[in-house]
Amino acid sequence: MKEIVNVHPKNLGWIQAKLDEKEIDYLWKCIDKKQDNIKNILVGQINSSYRIIDKDNWFFINVLSELGREYESKFSNLGLRVPIANQLSYCLTDMWVNYQKQYEFNPLHDHTGVFSFVIWMKIPTDYEDQKQISITKDSNLPVVSNFVLNYHNTLGMIAQHVYAMSKEMEGTMLFFPSQLMHCVYPFFNCNKDRISISGNLSIDTNRI
């Protein structure tokens, strides 16, 4: 046996980023000016989800556009898969803040658009504590209170990537294809809200 080569086939992934203090402060200001409750148009079993506005496209220009270019460089330009004649830029179509309370959850779902993102602003729980709660202690699945991305491996089987929720995840942002399935599991024994932001990027059809 002269040579062994490990082959890792390409697959679409996602970007994990840590926002800086200026970016976090801007998002808190957006949250302070939250608008209507849009829980009725979202799939999540979360009662408090409010539309927020990216004033003057500050977050799109300074954060989302950079992550979009990074994704195209490292993975793929997903906009080329959209059946349009001309290559167009992206725009932020919607952004909202979630106040998740204990027992609430987001079932397995995807988003509209080309890219989506989630940002954890405030996490009052710790996974290490959550998995010791009696209702979950006997489970071998590391999902209680956590955020999970679901995808297919090369055998066509469903695989999971679990993000364990704790204070260390505050300020963390995930940027991923909108069709990537994901879910949010409930947490327990905590009366404080988990605060997160979600949003979608789409092709800017106004520039056709």
With a 4.5 Å heavy-atom cut-off, do [X] and [Y] have their side chains touching?
X      : Y      : value
Asp36  : Ile38  : yes
Trp58  : Glu23  : yes
Tyr185 : Val144 : no
Asp126 : Gln130 : no
Cys183 : Pro107 : no
Asn189 : Asp129 : no
Tyr90  : Ser65  : no
Glu66  : Glu70  : no

Check whether the ring centres of [X] and [Y] lie less than 6.0 Å apart, and answer yes or no.
X      : Y      : result
His182 : Phe147 : yes
Phe176 : Phe117 : no
Tyr50  : Trp96  : no

Please report the shortest heavy-atom distance between [X] and [Y], naming the atom on each side.
X      : Y      : answer
Asn106 : Val43  : OD1-C, 4.2 Å
Asn47  : Lys39  : O-CD, 3.1 Å
Met169 : Tyr163 : CE-CD2, 3.6 Å
Met95  : Ile53  : CE-C, 4.3 Å
Met121 : Ile24  : CE-O, 3.9 Å
Ile31  : Tyr99  : CG2-OH, 3.2 Å

Give a yes or no on whether the backbone of [Y] and the side-chain of [X] come within a donor-acceptor separation of less than 3.5 Å.
X      : Y      : result
Asn57  : Phe60  : no
Thr93  : Asn200 : yes
Asp193 : Ile195 : no
Gln179 : His111 : no

Indicate whether the side chain of Lys18 and that of Thr172 have a donor and an acceptor atom separated by less than 3.5 Å.
yes

Looking only at side-chain N and O atoms, does Asn191 offer a donor or acceptor that is under 3.5 Å from a partner on Gln102?
yes

Do [X] and [Y] share a hydrophobic cluster (ILVMFWY, side-chain heavy atoms under 4.5 Å, transitive)?
X      : Y      : result
Val143 : Phe105 : no
Val184 : Trp14  : yes
Leu27  : Leu201 : yes
Leu67  : Tyr26  : yes
Leu180 : Phe115 : no

In terms of heavy-atom contacts, does CD1 of Ile4 have more than 12 from other residues, nucleotides or ligands at under 6.0 Å?
no

Heavy-atom count check: over 12 atoms from other residues, nucleotides or ligands less than 6.0 Å from Gln16 CD?
yes

Nearest 0.5 angstrom please: [X] [atom1] to [Y] [atom2], how far?
X      : Y      : atom1 : atom2 : value
Gln35  : Arg51  : CD    : CZ    : 7.5 Å
Leu12  : His152 : CG    : NE2   : 13.5 Å
Ile46  : Arg194 : CD1   : CZ    : 9.0 Å
Lys122 : Ile197 : NZ    : CD1   : 14.0 Å
Ile15  : Ser73  : CD1   : OG    : 9.0 Å
Leu42  : Asn98  : CG    : CG    : 7.0 Å

Apply the test side-chain contact (heavy atoms from CB on, under 4.5 Å) to residues Asp54 and Leu92: give CA-CA distance (whole Å), side-chain angles for both, the deciding distance (0.1 Å), then the verdict.
CA-CA 8 Å; Asp54 180 21; Leu92 177 62; 3.7 Å; yes

Passing candidate, side chain to side chain donor-acceptor pair (under 3.5 Å) with Ser116, options Ser178, Ser198, Ser202:
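That would be Ser178.
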
Could you go through the side-chain contact (heavy atoms from CB on, under 4.5 Å) check for Met173 and Val118 one step at a time?
CA-CA 6 Å; Met173 175 178 181; Val118 60; over 6 Å; no

Closer than 4.0 angstrom, basic N to acidic O: yes or no for Lys167 and Glu170?
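Salt bridge flag = yes for Glu170 with Lys167.
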
Should Trp120 and Leu174 be marked as a side-chain contact (heavy atoms from CB on, under 4.5 Å) after you check the CA-CA gap, both sets of side-chain angles, and the distance that decides it?
CA-CA 9 Å; Trp120 291 284; Leu174 301 184; 3.6 Å; yes

Intermediate values then yes/no, side-chain contact (heavy atoms from CB on, under 4.5 Å), Gln45 and Tyr103
CA-CA 9 Å; Gln45 301 303 303; Tyr103 313 129; over 6 Å; no

